[in-house]
Amino acid sequence: MYQSSLSRGDSPVSIIGAGIAGAWQALLFAQAGHAVTLYERSDAAMTLATSHWAGGMLAPWCEAETSEPVISRLGLRSLDLWREHFPDTAFNGSLVVAHARDRADFERFAKLTSGHRRLDAAEVSELEPSLEGRFRDALFYPDEGHVEPRRVLPELHARIAEAGGIIKFENDAGADELDGIVIDCRGLAARDEQRDLRGVKGEMIVVETSEVELSRPVRLIHPRWPLYVIPRGDGRFMLGATSIEAEDTGVSVRSALELLGAAYAVHPAFAEARIVEFGSGLRPAFPDNLPRITVDKKKIAVNGLYRHGFLLAPALAELTLAHVERGAIDNEVMRCV
Ligand SMILES: Cc1cc2nc3c(=O)[nH]c(=O)nc-3n(C[C@H](O)[C@H](O)[C@H](O)COP(=O)(O)OP(=O)(O)OC[C@H]3O[C@@H](n4cnc5c(N)ncnc54)[C@H](O)[C@@H]3O)c2cc1C
């Protein structure tokens with residue numbers, strides 16, 4: 001077995017970046033008894049993190065439409081870890097619906113994914129009364145979940161502190177200045193060392209209305225992007241997300257029209273909703289859009305979570321911990337250099 005030169009059980013662990021990847025690393029390492037310090041350049045509001053802008057869907061079955069089997073494998077393991085560590089996580093499932101004109105794409109989505117059952121119109125309205133009469137059928141993925149990133153990140157940070165970890169916000173850390181095992185979770189900022197990282201822009205809008213109630217994410221089949229409406233509580237909904245090969249963080253009129261149009265297609269009452277926020281984040285991605293744990297003599301880098309950060313972060317943290325403690329290697333995601 002490959003024996004990592006990082007396998008030093010009593011070494012302190014320094015983690016750079018408190019987004020979803022770094023926060024899960026810090027939590028599992030701190031709970032395993034390591035002396036963890038988590039460094040984050042942002043303040044506690046985490047507005048500098050891509051994670052701040054995410055939908056927070058935990059949807060390995062829906063994501064299988066466009067992603068590799070490794071995403072499903074790690075995603076399923078992550079669902080167990082979310083359940084174990086955050087038993088209040090909403091596992092109400094996801095719904096997939098389509099306009100009549102996108103029927104063929106809807107059937108294709110059904111064929112390419114598993115873990116769903118088909119609901120007729122009556123069953124759709126039983127599940128989501130606000131959608132009564134809106135869709136003649138839908139796909140229901142009962143085991144999928146979702147978290148609210150802006151609530152779950154502070155919860156993760158609090159749990160890290162409870163487990164004895166130290167978090168240093170507004171602290172721009174460099175790996176060379178840190179002692180012990182260094183885990184680099186800087187997202188797109190790690191491009192100074194991981195040169196094949198790129199940012200994939202995702203735009204989102206938050207709206208508010210008391211006219212619609214949903215208990216789970218609703219995805220609308222769309223020819224270009226998987227658009228969705230996610231309930232955020234208190235009458236708020238996140239509309240997401242575009243996927244654009246660009247690294248500016250503006251929101252275009254075209255994207256806004258598409259996102260708002262998708263919400264309107266899910267329910268016309270969204271036309272009267274109040275717009276609360278426009279925003280966008282850059283998803284850190286390698287050329288194959290797959291996550292990567294890179295291990296070298298000095299540090300471990302966890303990156304490339306692309307559109308699956310919330311789905312994959314727990315399982316990736318578990319793999320990193322197993323590597324440091326037992327030298328375990330996951331050949332699909334780890335590279336030892
Ligand atoms: C619109 C949108 C919707 C999305 N929806 C979903 C979804 O529904 N489900 C899902 O699973 N994923 C989703 N994603 C993807 C997910 O957001 C990303 O995969 C994830 O946020 C990447 O997390 P990360 O921790 O690697 O990076 P980040 O969240 O960017 O965290 C990196 C952190 O490192 C910090 N940092 C950088 N350099 C330093 C330094 N030198 N010192 C200290 N700190 C530093 C940064 O400030 C940042 O906080 C979505 C993304 C977008 C944009």
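Since this is a predicted model, take the numbers as computed values, not measurements. As a basis for the values below, the full set of heavy atoms in this structure was taken, side chains included, without hydrogen atoms, waters or symmetry mates.
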Any side-chain heavy atom of [X] sitting closer than 4.5 Å to one from [Y]?
| X | Y | value |
| --- | --- | --- |
| Leu156 | Ile20 | yes |
| Asp184 | Val302 | no |
| Val218 | Ser94 | no |

Under a 3.5 Å threshold, yes or no: a donor from one side chain and an acceptor from the other, between [X] and [Y]?
| X | Y | value |
| --- | --- | --- |
| Glu203 | Thr242 | yes |
| His267 | Glu211 | no |
| Gln25 | Thr320 | yes |

Query - Other residues, nucleotides, ligands: >12 heavy atoms within 6.0 Å of Arg151 CZ - result: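 Not more than 12 within 6.0 Å, no.
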Kindly confirm or rule out a cation-pi arrangement of [X] over [Y], judged by NZ or CZ under 6.0 Å from the six-membered ring centre and within 45° of its axis?
| X | Y | answer |
| --- | --- | --- |
| Arg83 | Phe91 | yes |
| Arg292 | Phe286 | yes |
| Arg159 | Phe86 | yes |
| Arg150 | Trp53 | yes |

**Report entry** Contacts of type ring-ring contact (aromatic ring centres under 6.0 Å, His included), residue Phe270, not counting sequence neighbours
**Finding:** Phe237
Report task. Look at Arg307 together with Glu63 and state whether they make a salt bridge at an N to O cut-off of under 4.0 Å. Result -> yes
Query raised in the report: For Ser215 and Asn92, which heavy atoms make the closest approach, and how far apart are they?
Result: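 Nearest pair, atom of Ser215 first, then Asn92: O-ND2, 2.9 Å.
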Requested in this report: Assess whether side chain to side chain contact (heavy atoms under 4.5 Å, CB included) is satisfied between Leu119 and Leu127, documenting all intermediate values.
Outcome: CA-CA 9 Å; Leu119 305 184; Leu127 203 63; 3.7 Å; yes
Query raised in the report: Does Val207 offer a backbone N or O that forms a donor-acceptor pair with the side chain of Glu277 under 3.5 Å?
Result: no
Query - Under 3.5 Å donor-acceptor, Glu123 side chain and Asp120 backbone - result: yes
Requested in this report: Tell me whether the centres of the aromatic rings in His116 and Tyr141 are closer together than 6.0 Å.
Outcome: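 Yes, ring centres under 6.0 Å apart.
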Report task. Return the set of residues passing salt bridge (Lys or Arg N to Asp or Glu O under 4.0 Å) with Asp192 (not counting sequence neighbours), or none when no residue passes. Result -> Arg186
Query raised in the report: Do Leu290 and Tyr306 pass the side chain to side chain contact (heavy atoms under 4.5 Å, CB included) test, and can you show the C-alpha distance, the side-chain angles, and the key distance before you say yes or no?
Result: CA-CA 7 Å; Leu290 296 178; Tyr306 182 47; over 6 Å; no
